[in-house]
Amino acid sequence: MRLAWKITTLSTPTLAALLTICTLPSRAQQPTPGAPDNQQLDVGQLFATTCGWCHSDGGRAAGKGPQLMDTKRDDDFIRNRIKNGKEGAMPAYGATFSDAQIDEIIKYIHALKPHEG
């Protein structure tokens, strides 16, 4: 009961701050943020570390996910899939990447070519 008494003696702003801190999700539960909009985005690196787990060889080959090189899908389909994912197949990244970053990812996908050599 002593703890309950101490909590009631805290000021309202202090109590609000404590409750906010206690209800914040841990860093492990938060999606990995993309690069800020004003920072140069290394799309190849982002793709390798975020998308490459399923889209093999930088998107050039099928893996757990489909090959993206030479895709016949239009930009709206790709944008929607990146933002909203596909249940049971692909996570949604709409909260992770800005629209500008998603546009850069789409450009990357359309620019994919086979490796030379």
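What you see is a predicted model, and the numbers here were worked out from it, not measured in a lab. Just so you know, these numbers use all the heavy atoms, side chains as well, and skip hydrogens, waters and symmetry mates.
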Pairwise side-chain contact, F77 with T71, heavy-atom cut-off 4.5 Å (strictly under): no
Pairwise distance CD1(I106) to CD(E104) - rounded to 0.5 angstrom: 10.0 Å
Sole candidate of D103, L68, L46, V43 that passes side-chain contact (heavy atoms from CB on, under 4.5 Å) when paired with Y108: V43
Straight-line distance of M69 CE to D57 CG, nearest 0.5 Å: 8.0 Å
Heavy-atom closest pair, residues I82 and M90: CA-CE, 3.8 Å
Residue pair I78 / R73: nearest heavy atoms and the distance that separates them: CD1-O, 3.8 Å
Check against side-chain contact (heavy atoms from CB on, under 4.5 Å), I102 and Y93: CA-CA 9 Å; I102 292 173; Y93 291 100; 6.0 Å; no
Salt bridge (charged side-chain N to carboxylate O under 4.0 Å, His left out) partners for D76, two or more places apart: R79
Over all atoms of both residues, closest heavy-atom pair of K113 and R60: O-NE, 2.7 Å
side-chain contact (heavy atoms from CB on, under 4.5 Å) evaluation trace for D75 with H110: CA-CA 9 Å; D75 290 0; H110 288 308; 2.6 Å; yes
CD1-CZ distance between I105 and F47, expressed to the nearest 0.5 angstrom: 8.5 Å
For S56 against G63, the heavy-atom pair lying closest together: OG-CA, 3.4 Å
H55 and P66, any side-chain heavy atoms less than 4.5 Å apart: yes
